[in-house]
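The structure appears below as structure tokens.
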Amino acid sequence: MPDTVLDQAFFARPALVVARELLGKYLVRSGAGVTMVARIHETEAYIGPHDLACHAAKGHTPRTAVMFGPAGFWYVYFIYGIHWMLNVVTEAEGYPAAVLLRGAGEWHGPARLTKAMSIDRQLNGQPAAVSSGLWIEDRGDAVPRRQIRRTPRIGVDYAGDWAAKPYRFVLSPDRPAASRRQLSGPRGLS
DNA sequence: GCAGTGATCATA
DNA sequence: ATGATCACTGCC
């Protein structure tokens, strides 16, 4: 299967679906004569204006405007005076939702990822497409469901009941299959 | 554990 | 104009 650049149809779906399906896809950064590729292993869904952890819960502001636009565009914002966060807009135009890319390749943590790939406000509002120098590819290596873990989102304790919802998706390495003996034998002594 | 750092938005 | 807050990281 040839590599496929994910298009607007991929992103124009519920954020939870997009967040899950982005695991195992490839984030590609091209610019200044170099290209970087990193397999996505951690995402979070911010599902709409009723989601109190989603920036769009604060309404349509200059900062959140991109999220109200069409799917497949980058929503990049600055936080804590230091860090850039990379999101891709999902859902139908007019419905504000996005997926935060928290980890890819060797990088763990959303700010480390953007720092490594030189992602900043210049990409805010740009399309996730080759033309912007930042896009996502499907390279045909599907992720088995058993490698996907769901947890609550990080750093959103302010969001009340929404903080506990399992909207974070993590691609975990396969554990070696337990042998019959391990399954039926005594637990470890430790 | 907690400081750093500055954009953003509500309040005035 | 001012102040609280913040989808984090690195160092104590």
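Reckoned from all heavy atoms, side chains included, excluding hydrogens, waters and symmetry mates. Lettering of chains follows the sequences in order, A, B, ..., and the numbering in each one begins at 1. All of these numbers come straight from a predicted model, not from anything done at the bench.
- Take the nearest nucleotide of DNA chain C for A/Arg112 and for A/Val156: the residue whose nucleotide is more 5' is A/Val156.
- Taking atom CE of A/Met85 as the reference point, atom P of B/dG6 lies 16 Å away to the nearest angstrom.
- OP1 and OP2 of B/dT5 both lie 4.0 Å or more from every side-chain N or O belonging to A/His83.
- The distance between atom CD1 of A/Ile82 and atom C1' of C/dT5, rounded to the nearest whole Å, is 15 Å.
- Ring centroid separation for the pair A/Tyr75 and A/Tyr77 comes in under the 6.0 Å cut-off.
- Atom CZ in A/Arg63 sits about 6 Å away from atom P in C/dA7, given to the nearest Å.
- A/Ala111 comes within contact range of the sugar-phosphate backbone alone, with a heavy-atom separation under 4.0 Å but no base atom that close.
- Evaluation of atom-type donor-acceptor distances gives no pair under 3.5 Å for the side chain of A/Tyr77 against the base of B/dA7.
- Aromatic ring orientation, A/His41 versus A/His108: tilted (interplanar angle from 30° to 60°).
- Hydrophobic clustering (ILVMFWY, side-chain heavy atoms < 4.5 Å, transitive): A/Met85 and A/Tyr158 are in one cluster.
- Atom-to-atom, CD of A/Glu44 to P of C/dC8 comes out at 7 Å; the value is rounded to the nearest Å.
- Distance A/Leu100 CG to C/dC6 C1': 14 Å, rounded to the nearest Å.
- The side chain of A/Tyr158 lies closest to C/dC6 when the candidates are B/dT5, B/dA7, C/dC6.
- Within 4.0 Å of A/Tyr80, counting heavy atoms only, lies at least one base atom of the nucleic acid.
- Residue A/Arg121 has no polar side-chain atom (N or O) positioned under 4.0 Å from OP1 or OP2 of B/dA7.
- One can place CH2 of A/Trp84 at 8 Å from C1' of B/dA7, the figure rounded to the nearest angstrom.
- Hydrophobic clustering keeps A/Trp84 apart from A/Tyr46 (ILVMFWY residues linked when any side-chain heavy atoms are closer than 4.5 Å, directly or through intermediates).
- Note on A/Arg153: every side-chain N or O is 4.0 Å or more away from OP1 and OP2 of C/dC8.
- Side-chain contact between A/Thr43 and A/Tyr167 is absent, with no heavy-atom pair separated by less than 4.5 Å.
- For A/Asn87, taking side-chain heavy atoms from C-beta onward, the closest of the listed nucleotides C/dA7, B/dG6, B/dC9 is C/dA7.
- The partner of C/dG10, taking Watson-Crick or G-U wobble pairs whose two distances both stay under 3.5 Å, is B/dC2.
- We find that CD1 of A/Ile79 is positioned 17 Å from P of C/dA4, with the value rounded to whole Å.
- Residue A/Ile119 contributes atom CD1, which lies 16 Å from atom C1' of C/dC8 at whole-angstrom precision.
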